[in-house]
Amino acid sequence: MEPTEAQYLILNALETLELLQRRVYDPEQGFWIIETPNSVLPIAFLLPNGEIVPITWFLES
């Protein structure tokens, strides 16, 4: 699965604002794992629709 345009728009915005420390793409699942300097959301998933969700949402389910 290829990254979506929505994901690239979010990644570009985060990079422009210097809020993206690291990113890794999972082609099987179609999402990015991103790391930010934000203490509230240090590690999160960037879903194909452009939504950013905390990694804990997936660990709890």
Side-chain angles (χ1 to χ4, degrees):
M1 179 178 248
E2 293 291 318
T4 65
E5 186 175 334
Q7 288 173 318
Y8 281 126
L9 289 172
I10 299 297
L11 290 173
N12 287 336
L14 291 172
E15 286 178 344
T16 299
L17 297 170
E18 298 181 0
L19 295 174
L20 189 62
Q21 293 180 325
R22 191 177 340 176
R23 64 182 180 180
V24 177
Y25 185 68
D26 183 339
E28 291 180 17
Q29 301 295 322
F31 59 73
W32 291 87
I33 301 170
I34 60 172
E35 184 177 340
T36 70
N38 188 316
S39 62
V40 176
L41 195 65
I43 300 175
F45 289 114
L46 175 54
L47 303 179
N49 65 0
E51 185 177 0
I52 299 174
V53 296
I55 197 167
T56 55
W57 286 13
F58 286 91
L59 296 176
E60 292 172 356
S61 56

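What you see below is based on every heavy atom in this structure, not just the backbone, and it leaves out hydrogens, waters and symmetry mates. Please read these numbers as outputs of a predicted model, since none were measured by experiment.
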* Asked: If you look only at pairs with a residue in residues 4-18, which of them pass as a salt bridge (Lys or Arg N to Asp or Glu O under 4.0 Å), with sequence neighbours excluded?
  -> Glu15-Arg23

* **Nearest non-hydrogen partners of Gly30 and Pro48, listed with the distance** => O-CG, 3.1 Å

* Structure fact -> Between Pro37 and Leu19, the two heavy atoms sitting closest are CD-O, 3.3 Å

* To do: Among Ile, Leu, Val, Met, Phe, Trp and Tyr joined by side-chain contacts under 4.5 Å, find the other residues sharing a cluster with Val40 and list them by chain and number.
  => none

* **side-chain contact (heavy atoms from CB on, under 4.5 Å) partners for Ile33, two or more places apart** => Phe31, Ile43, Phe45

* Residues forming a side-chain contact (heavy atoms from CB on, under 4.5 Å) with Ile10, sequence neighbours excluded -> Leu14, Leu46, Ile52

* Asked: Can you list every pair that meets side-chain hydrogen bond (donor to acceptor under 3.5 Å, both in side chains) and has a residue in residues 25-47, with sequence neighbours left out?
  -> Arg22-Glu35

* To do: Quick one: do Leu41 and Ile34 satisfy side chain to side chain contact (heavy atoms under 4.5 Å, CB included)? Show the steps, please.
  => CA-CA 10 Å; Leu41 195 65; Ile34 60 172; over 6 Å; no

